[in-house]
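Worksheet for the structure shown next.
As the structure is a prediction and not an experimental result, all values here were calculated from the model. Lettering follows sequence order; numbering is per chain, from 1.
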Protein chains: 2
Amino acid sequence: MYNLESIEQRLAEQGYRITPSRLAVVEATLEHSGHFSVDDILGRLPGVGRATVFRTMKLLSQMGILCRVLLENGSLRYRVSHRRDHHHHLVCVSCGSVEELDACIAAGAIDNLARSTGYDIEGHWLEFYGRCGPCRSGEA
Amino acid sequence: MYNLESIEQRLAEQGYRITPSRLAVVEATLEHSGHFSVDDILGRLPGVGRATVFRTMKLLSQMGILCRVLLENGSLRYRVSHRRDHHHHLVCVSCGSVEELDACIAAGAIDNLARSTGYDIEGHWLEFYGRCGPCRSGEA
DNA sequence: ATACGTGCAAAAATTTTGCAAAGTA
DNA sequence: TACTTTGCAAAATTTTTGCACGTAT
């Protein structure tokens, strides 16, 4: 799990400066257990400029600290990612929490798919949607 | 496969009027073998207003004639869909053509996933990306 | 001193909305 | 006639860009 310090360290390792704005954005993202939009972060940081939030979130994404989550309606959100390798998400449509799934169920099917379609398959995007245990029991 | 007439008929069946603008939008979408954006359609129809194109494409989506395709970079496109039931896409990153895949490889994994996560899984989004046969052979 | 990073404001890009005018049944 | 649809323009979103000013090395 990330904390402020470990991210500071990674920024430094990769030659990026550690600045108050960046730390503020990082802190704000770490407060979210699920997914969030750029606007969610912006709203929590009145002193930080729009552009800085966009730039910082792009930077964190490139570093693998954030990753994008596709919602069912097609809009894109971010989430703090604890896995740098290939993974998928299971998003709770009720509370917005996100599970990271290590097993890639698409991997096994790709060879067959390549054979039957004649495509060379280079990638895929997969998200699952549902209700988490707490949300299921908390509601009638 | 759709043609202009079959879509006219479905519009009529569902109580929508058949108008020149709508037919123009339908024709423009049918010309695309792969995916396209609202702007692609707008650009081909100088006489038709922005709002009308947006409204018509939303309407066609609700009717199941168009469906949305997620590109690797996260942007959403449309495509003419010939399957009204659950399916996925295999998108050629080179020429933009799209195969519709009838087999849902996610289906088998969902029970296991539900058991291991405690989620009630209600849906998923899956897109594949690759290069189609013609694009593979046409390029060095 | 030199590079990098920031905030602001303006610009772009994308989608939605209000409404009077036009079209359709 | 009564209702739907259109085009336009304005508004609302969302993201990017330019740039002068600040900050770290």
I want to check something: taking the side chain as every heavy atom from C-beta on, are [X] and [Y] in contact at a cut-off of under 4.5 Å?
{"X": "A:M63", "Y": "A:I7", "result": "no"}
{"X": "A:C95", "Y": "A:C132", "result": "yes"}
{"X": "B:L30", "Y": "B:E27", "result": "no"}

Review point. Is B:R22 touching bases, backbone alone, or none of the nucleic acid, heavy atoms closer than 4.0 Å?
Key: sugar-phosphate
Check your understanding: In the single-linkage hydrophobic clustering (I, L, V, M, F, W, Y; side-chain heavy atoms under 4.5 Å), do B:F54 and B:Y16 co-cluster?
Key -> yes
Can you tell me the distance, in whole Å, between the [atom1] atom of [X] and the [atom2] atom of [N]?
{"X": "A:L59", "N": "C:dC4", "atom1": "CG", "atom2": "C1'", "answer": "12 Å"}
{"X": "B:D40", "N": "C:dA13", "atom1": "CG", "atom2": "P", "answer": "15 Å"}
{"X": "A:R17", "N": "C:dT6", "atom1": "CZ", "atom2": "P", "answer": "10 Å"}
{"X": "A:L23", "N": "C:dG5", "atom1": "CG", "atom2": "P", "answer": "13 Å"}
{"X": "A:L11", "N": "D:dA24", "atom1": "CG", "atom2": "P", "answer": "15 Å"}
{"X": "A:M57", "N": "D:dT14", "atom1": "CE", "atom2": "P", "answer": "13 Å"}

Nearest-neighbour nucleotide for the [X] side chain, [options] considered:
{"X": "A:Y16", "options": "D:dT6, C:dG5, D:dT16", "result": "C:dG5"}
{"X": "B:T19", "options": "D:dT15, D:dT5, D:dT16", "result": "D:dT5"}
{"X": "B:R55", "options": "D:dT16, D:dA24, C:dC19", "result": "C:dC19"}
{"X": "A:F54", "options": "C:dG5, C:dT16, D:dT16", "result": "D:dT16"}
{"X": "B:T52", "options": "D:dT6, D:dA24, C:dA25", "result": "D:dT6"}

Review point. Does CZ belonging to A:R50 count more than 12 external heavy atoms closer than 6.0 Å?
Key: no
**Study point:** Listed partners of A:H86 passing ring pair (Phe, Tyr, Trp, His ring centres under 6.0 Å), at least two apart
**Key:** A:H88, A:H124
**Study point:** Residue whose nearest DNA chain D nucleotide is more 5′ - A:D39 or B:G15
**Key:** B:G15
Point to revise | Atom pair CG (B:D111) and OG (B:S116), whose distance is rounded to the nearest 0.5 Å | key: 10.5 Å
Check your understanding: Atom CZ in B:R68, atom CZ in B:R77: separation rounded to 0.5 Å?
Key -> 13.0 Å
Point to revise | Interface with DNA chain D, restricted to residues 41-51 of chain B and to heavy atoms under 4.0 Å | key: B:G47, B:V48, B:G49, B:A51
Check your understanding: Does anything in residues 64-78 of chain A reach DNA chain D, meaning a heavy atom under 4.0 Å, and if so which residues?
Key -> none
Check your understanding: Under 4.0 Å: is that the gap between some side-chain N or O of B:S21 and OP1 or OP2 of D:dG7?
Key -> yes
Check your understanding: Does B:K58 place a side-chain N or O at less than 4.0 Å from the phosphate oxygens OP1/OP2 of C:dT15?
Key -> no
Practice item. Any strand is fair game: report the nucleotide pairing with D:dT17 by Watson-Crick or G-U wobble, both distances under 3.5 Å, or none. Key: C:dA9
Practice item. Report yes or no: do A:S37 and A:D39 form a side-chain donor-acceptor pair below 3.5 Å? Key: no
Review point. Under 3.5 Å, is there a donor-acceptor pair linking the side chains of A:E5 and A:Q9?
Key: no
